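First comes the structure, then the notes that go with it.
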Amino acid sequence: MPHQKPFYITTAIDYANGEPHFGHALEKIGADAIARFHRQLGERVHFLIGMDEHGQKVAQTAAARGIAPQAFVDGIAAQFRETWDRLGISYDQFIRTTDAAHKSGVRALIKRIAESSPDDFYQKSYEGWYCVGCELFKRENEIVDAKCAIHPTRELQWTVERNWFFRLSKYQGFIERLLRERPEFVQPESRRNEILALLEQGLEDISITRSKLAWAIPFPLPTDEGAEPQGTWVWFDALPNYLTATGYPAKGWKDRWPAQLHVVGKDITRLHCVVWPAMLQAAELPLPERVWAHGFISFGGERFSKSAGVKVSLPETIEQFGPDAFRYFLLREVPFDGDGSFSAERFEAVYTAELANGLGNLASRTIAMVEKYCAGVVPDAAPVSLDGDDAVDLAAARAAMDGSHGYLCHEALAAVARVTDRANLFIQQSQPWVLAKDPGKRAELDGVLAALVRSLARQAAYLAPFMPGKAEALWTQLGAPGTANGMRFSGVESLNPAGWHVSKGEGLFPRPEPRPAA
RNA sequence: GGCAGGGUAGCUCAGCUGGUUAGAGCACGUCACUCAUAAUGACGGGGUCGCGGGUUCGAGUCCCGCCCCUGCUACCA
């Protein structure tokens, strides 16, 4: 089996201008769950994340702190990686746009476009009202009373700048055909509709360089006599990271490209569904297979947690119940195709109901009974109706995550939660403690306990993409061979726990301390 | 303004092509049970299905109008 092409999944690279926040975390955690799920589906996965480190704001922030831009972004990148490590993000590659390989890859891409589609780059003088506050030219509808609507205290400056442009308008028909012939290219459907609406307005060419941009990749094409040197603007710097991460143009990049899935925020779908495909087409390179636009997390309706002066700290929230519980909460509560909100109260409620009382207690009572009634060794017994019912839900979990209907982490977790609930109900209905008092019911008792261990093992395997640490802990307590994270889903149904030595360790999800009355 | 989606129990939401007394989870109350992290299970209270018209034997489910919310309406990422 030579060079099976991997399932190449990417997230947006994060802008290195501040600390990681909930929004960054949601995207990485969701993409990580997808990546892990596909590994357990048996696919070879390559999971890319990284940082977008160029730009005016980065340079300004670094200057304000009195350090060089590179030193500044080095610090930010380290901070992000610490957070991702803490959250168990299983990335295979961490790209930074200040990497030498990325910069040379960007230059190669631009030159390739200039060769294959020489008409697509052109220089044009651009003039208009420039807002120093925004670092942007403002459009008519953004100007109020001759001032920038966002910075009404600043004077607008009539500015003339000569920049490179990309002939995006040429690709209008190409993008329309793309979305029509490959409707799954942009998901969920609502985002695709928005792109279609955008296309109906017609595409305009975009400027792709800035003359005042020093902290950037120098634009590699020869600029007109006398013109200022040009820095590559964000589109042609950030978007190509998915391609340059493969090593492009060095030998071997075709082994990974094109990507199967770009996981991005709903705010940048346009860039990934219109600009990026046009760039690739201009370069005569293959397009990615799909762009998935996830929603946002809010705090009680507020985009950021300014309300009531309450600060929601990402590191503190992660530590409250640990990284696995945090991952679980975000993926369970925030539909991955829409928006959701976070609150400490809700987090605690879900943790207590589903993880402590639900899964954690199920594991606790099951293992305790195997220890008490079977000396800790799981008996051998045939499947019961519980197994068949669970199989239906686990198939639903796969369907939610395999891409056939998008990537719906919340639906997958809801399906696993049904398995947990069913097992708790099964105990109540079977009443193993009653069976244990009657030696004549030994076989029945064995059947019940074996079924429960099988169910828990299946849950551990299917929860591994979402809670890799806790799934592994449960796997260990069950005495199962190998690892939960390494468990292929194809092997889950035939798991037979007969002979496993269970061991009741630390409570999987200890109940939270009662809150002191305020 | 335009386009798209939505307004269903305290909270988060299911309700496909219209059909018996509108569902689930969480929260709340009562009861049962004891293997378990005072967990689990059963039962129950609770909804003018945004508002007003209309079509129909019959509408949360279709049509019209209105109110409210969210997203998009391209070069901050």
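Here the structure is a predicted model, which is why all the values come from computation and not from measurement. Lettering of chains follows the sequences in order, A, B, ..., and the numbering in each one begins at 1.
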Answer with base, sugar-phosphate or nothing: what part of the nucleic acid does [X] contact at a heavy-atom distance below 4.0 Å?
X	value
A:Q431	nothing
A:L203	base
A:Y373	sugar-phosphate
A:S190	nothing
A:L362	nothing
A:A356	base
A:L168	base
A:G202	base

Practice item. Round to the nearest Å and state the distance from A:E348 atom CD to B:U12 atom P. Key: 19 Å

**Study point:** Nucleotide B:U37, atom P - distance to CG of A:L355 in whole Å
**Key:** 17 Å

**Study point:** side-chain hydrogen bond (donor to acceptor under 3.5 Å, both in side chains) between A:Q79 and A:T83, intermediate numbers included
**Key:** CA-CA 6 Å; A:Q79 202 177 351; A:T83 302; over 6 Å; no

Should [X] be listed as having a side-chain N or O under 4.0 Å from OP1 or OP2 of [N]?
X	N	result
A:W235	B:A77	no
A:K504	B:U37	yes
A:R270	B:U73	yes
A:R511	B:A39	yes

Review point. Is the shortest side-chain N to carboxylate O distance from A:D237 to A:K103 below 4.0 Å?
Key: no

Review point. For the residue pair A:F509 and A:Y351, does the interplanar ring angle fall in the parallel (under 30°), tilted (30 to 60°) or perpendicular (over 60°) class?
Key: perpendicular

Check your understanding: Are A:F466 and A:Y328 near enough that their ring centres are under 6.0 Å apart?
Key -> no

Check your understanding: Centres of the A:H272 and A:Y242 rings: under 6.0 Å?
Key -> yes

For [N], give its Watson-Crick or G-U wobble partner with both distances under 3.5 Å, or none.
N	value
B:C28	B:G44
B:C33	none
B:C62	B:G54
B:C13	B:G23
B:G1	B:U73

Review point. Where each residue is assigned the nucleotide of RNA chain B containing its nearest heavy atom, which of A:M369 and A:I206 is assigned the position nearer the 5′ end?
Key: A:M369

Point to revise | Residue closer to the 5' end of RNA chain B, A:D421 versus A:R365 (nearest nucleotide) | key: A:R365

